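All remarks here apply to the structure that follows.
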Amino acid sequence: MIVLKVLVEHAAYALNRPFSYVYNVEKPPCVGARVVVPFNNKDIVGYIENVEIVNKSKEEYEEELGFNLNVAKSVIDSEAILTKELRNLAGEVANYYHAPLISVYQAMLPPSLKPTSSSFNNAKIQYEKYVKCINSNEEGLTSKQIELLRLLNISSEVKKSEIKSLSVLKKLIDNGNVIEIKKEKMRYRFENIKNLKEYPLTTLQEQVKNEFLNSNDLVYLLEGVTGSGKTEVYIKLVKETIDSGKSALILVPEISLTPVMLNRFYTLFEKNVAILHSELTSGEKYDEYRRILRGEAKVVIGTRSAIFAPLDNIGIIIIDEEHVESYKQDNTPCYHAREVAIMRAKHFVGCKVLLGSATPSLESEARAYKGVYHHLKMLKRVNERELPKTEIVSLQNFKNIDYTSSIFSIPLRNAIDECLKRKEQVVLLLNRRGYSTSVLCRDCGHIIKCPDCDIPLVYHSFDKLLKCHNCGHVEPEPHTCPKCGSKYLTKIGFGVEKIEEEVHKLFPNARTLRLDSDVGKLKNNIVTTLNKFANLEADILIGTQMIAKGHDFPNVTLVGLVLADLGLSLPSIRSSEKTFQLITQAIGRAGRGEKAGKAIIQTYMPSHYSIIYGARQDYQGFFANEMKIRKIQQNPPYTFVSTLTISSNSEDLAEEYIIKTMELVSQNSNGTIIAIGPTKPYVYKDTLGFKRQCMFKYKNKGQFDEIVENIIKILSKKPGISIKINIDALD
Ligand code: ADP
Ligand code: ZN
Ligand code: ZN
C-alpha cells in the first residue's frame, strides 16, 4: 500500500502540515507532483511531500494509527513540478517569512502548474503537428504524391498546417513514406529584433566588471548614478557567466522590460533567453517555464517571481533597481526578491548576487558600508555627461504662481515652452493617477467612497468613472450627492489626467502621451506607449512613478516634477526615502543623450531634506542625513520591522486579538520587542473581513522568530480570524 503525505492547497496556518492519504495504485507517484484529494467533503489539489510504501493492509494501518485514512483520487503530474533545489529554497523562504509552505510553492509556479484547483482552468501544453520524410522510395506513387514527397525530402520537418494538399499527404503517410510528429508549440514569440550596437566598456565600467569578477564575495551592491551605464555592465557580466558554462538570472522592475532592454538581450543571447513577466498569457508563461525547466534557456529575465525560475547551474543573479518596492510581495508569502536571491545563490557554487541602483535602499547601502555587501561604485555618467541642472520651485512663493494655471508654475511653464520650441521632449511626473483625488459634496461634506473598502473613489476623466484604487470597484459619476441629494459635487485634488488636460490647454500643439497603470490595463500598452515616445511620436510624456524608472530617452531634456512632496504626507517610515528616490530617478531621465538636461521640481516643501538632496542628486548626503533620523527613531536598518494583520468578520474580534497578541509579545520579550498598534489600515476591510494591524520593532531576529512561531500556533487555533505576517515589512 502507498501512503502519501500531502500539503493541501489552502494556504492557512492551521493546515500547514502534511495530511496522509492512501493511494491505491501499483506504481508510486513522484514526490513533488500534484494530486487530487478529498478534503472536507470536497476534491481539492494537494502537493505530495512524501511517498511511503507500507507493507500492511489499509485496515491494519488504520488500526495502528487509530483513525481512518482518506483515499487520494488521482495524481496530476508524472514528474515533480519543482526541482529539488527549489523545494529546498521553498523551505528556507517559508521559514524566514513564517509563511505556510504551500503558499511558497504556489508563489514559485506559473498559473498552470500551481498546486491549486484553479490551475485546471489555465493553459496546458499546446502541440503542433509536423511531417517528415522517412522513406524516399517512390514506387507506386502518383506524380502528385512524388512531387510532395520530393519537396518533403529536401526539407527536414515541415509544419503540417503548411501543406495544402492534405489528401496527397495522407496517402504518403499511409504508404509509410512520411511520418507525423507532434511537437510542443511555443506560444511566446518575441518579435521586432533589431540589431543594437554593443559598446566597448568605459574605463569605469571595465573596472567595476573586473572587481566583480575577481572578488569572492557573495553579494555586491553596484551604486551607479543614473546614466552611468549599469545595463552595459550587467550584459558583459552575463556574457562572462554564459561563456563559463553557467546560467544567469536577471530581475528587473515590471516597467523596465521594454523592447529595448529585451532586444539587447535577444541580440546577444538569441534563443538562450527566456522571459517571465506579468504581460505574458498563462500559456506563454507555461511554455517559457517549461523551456527553462528543460535547460533550453541560459538567461532568464523577469520580474519579482522570476527569482523562482527553474534555472539550474546559476552563476549570477542580477537585481536591477534593487530599491524598487515591487520586489517585495504584498501577500503571503511576503518575500523580498533580494533576500530570496541571496538564499538561492548559496545553493550554487560560486554564484554571486549583483544589486544595482542609483538610489540603493537604505538597508542595502548600510550593508555595503558595513562590508556585508561588496560595494561597487560608478559615480559618473558615461562619457562624462553632466547630470541635469535642477531648480526647486516653491509653490508657496507667489512670484512663481501662474494665475492662469492651477498646475504649472511660471518657471515650469516657460521651461516646457522653450523645450518644445527646441523640438526636444518633456517628461512630466505626478505620482497620482486619475483626474481628481476625490469627489466631495459642497453641501453636506460627504466624500464618495468605495462600498467595499471605504476609501475615497477617484474620478477618471478618460472613461468618466469613479474608481477604487484598492479593489478596482468602478461606478458611474453621480450627478447628485448620494447622501443629501445636492447637485453641488466638486472634484478635489488632481492627478495625471488633469495634467494632460492642462497641457492641452496651455500647449495646444504639443502631442502628449500618458503612462500610468490605467494605460497598463491593456496588454502591451505600456510598451507601445514607451516605444511611441522613444520614436519621437509625442513631445510630452505625462505619468506616474512608472516613467521615473530605468528608461533611456536621449531626446528628453526637461523633466518636471509637478508636486514632488506628494509622498511626504504619507505615514510611512520610508516616505522620505521614497520621495528622494523618486526625485533622483525622475531627474535622471533628463539629458541622457548628447544634449544637456534640466529638471524642475515644484513643491510646497522646498526646504525638506529629501527634496534638497534629491534636487542635488546627492545620494550620499541623503543617506547620511536619513540614517541619523532612522537611528534616533530606531527605524530600519537599525531595527527590523514586521507587521501582523488579523482579519475577521467581526471588527471587535480582530481588534481584541491584535491587542492580546501585542500584550503577549511585550511580556514574552521583556519589552525588547516593541509592539506598535493596534492600527486600522487605510484599507481596513476586504473579502477576508475587517482588519486590524500591529507593527513589531526589534533588533534580535532570532528572538522574534521564536515568538512569532508561538503567536502563529496560538492564533491559528482561534476560529473566526485569519492572520497575515509580513516579515521586514516596507510600510
Ligand atoms: P543606467 O542604467 O546606469 O542609468 P544605462 O545603462 O541606461 O544607465 O546607460 C546610459 C546610456 O549610456 C545609455 O544610452 C547607454 O546606451 C549608454 N552607454 C552605456 N555604456 C556605454 C559605453 N560604454 N559607451 C557609450 N555609451 C554607453
Ligand atoms: Zn451631500
Ligand atoms: Zn475598494
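All values reported here derive from a predicted model rather than from experimental measurement. Just so you know, ligand 1 is whichever comes first in the structure, and atom 1 is the first atom listed for that ligand.
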**Item:** Ring centre gap for Tyr373 and Tyr220 strictly below 6.0 Å
**Value:** no
**Message:** Centre-to-centre under 6.0 Å for Phe462 and Tyr435, is that the case here?
**Reply:** no
**Message:** Angle at the Zn ion (ligand 2), SG of Cys444 to SG of Cys484, rounded to 10 degrees, please.
**Reply:** 110°
**Prompt:** Counting each atom of ligand 1 from 1 as listed, which ones have a heavy atom of Thr202 under 4.0 Å away?
**Reply:** 23 (N)
**Fill in**
ligand 1 to Leu201, heavy atom cutoff 4.0 Å, flagged ligand atoms 23 (N)
**Message:** To 10 degrees, how wide is the angle SG (Cys471) to the Zn ion (ligand 3) to SG (Cys468)?
**Reply:** 110°
**Side-chain heavy atoms of His446 within contact of Pro482, under 4.5 Å** = yes
**Asked** Looking at Arg433 and Glu497, does any basic side-chain N land under 4.0 Å from a carboxylate oxygen?
**Response** no
**Request:** Check each atom of ligand 1 against the heavy atoms of Thr226 and keep those under 4.0 Å away; list them by number with element.
**Result:** 4 (O)
**Asked** Hey, is there an N, O or S on His446 sitting under 2.8 Å from the Zn ion (ligand 2)?
**Response** no
**Message:** Within ligand 1, which atoms have a heavy atom of Glu232 less than 4.0 Å away?
**Reply:** 20 (N)
**Fill in**
Here the atoms of ligand 1 under 4.0 Å from any heavy atom belonging to Val225 are 3 (O)
**Asked** Taking the Zn ion (ligand 3) as the vertex, what is the angle from SG of Cys453 to SG of Cys450, given to 10 degrees?
**Response** 110°
**Asked** Is the side chain of Tyr327 donor-acceptor paired with the backbone N or O of Leu251 at a distance under 3.5 Å, no angle test?
**Response** yes
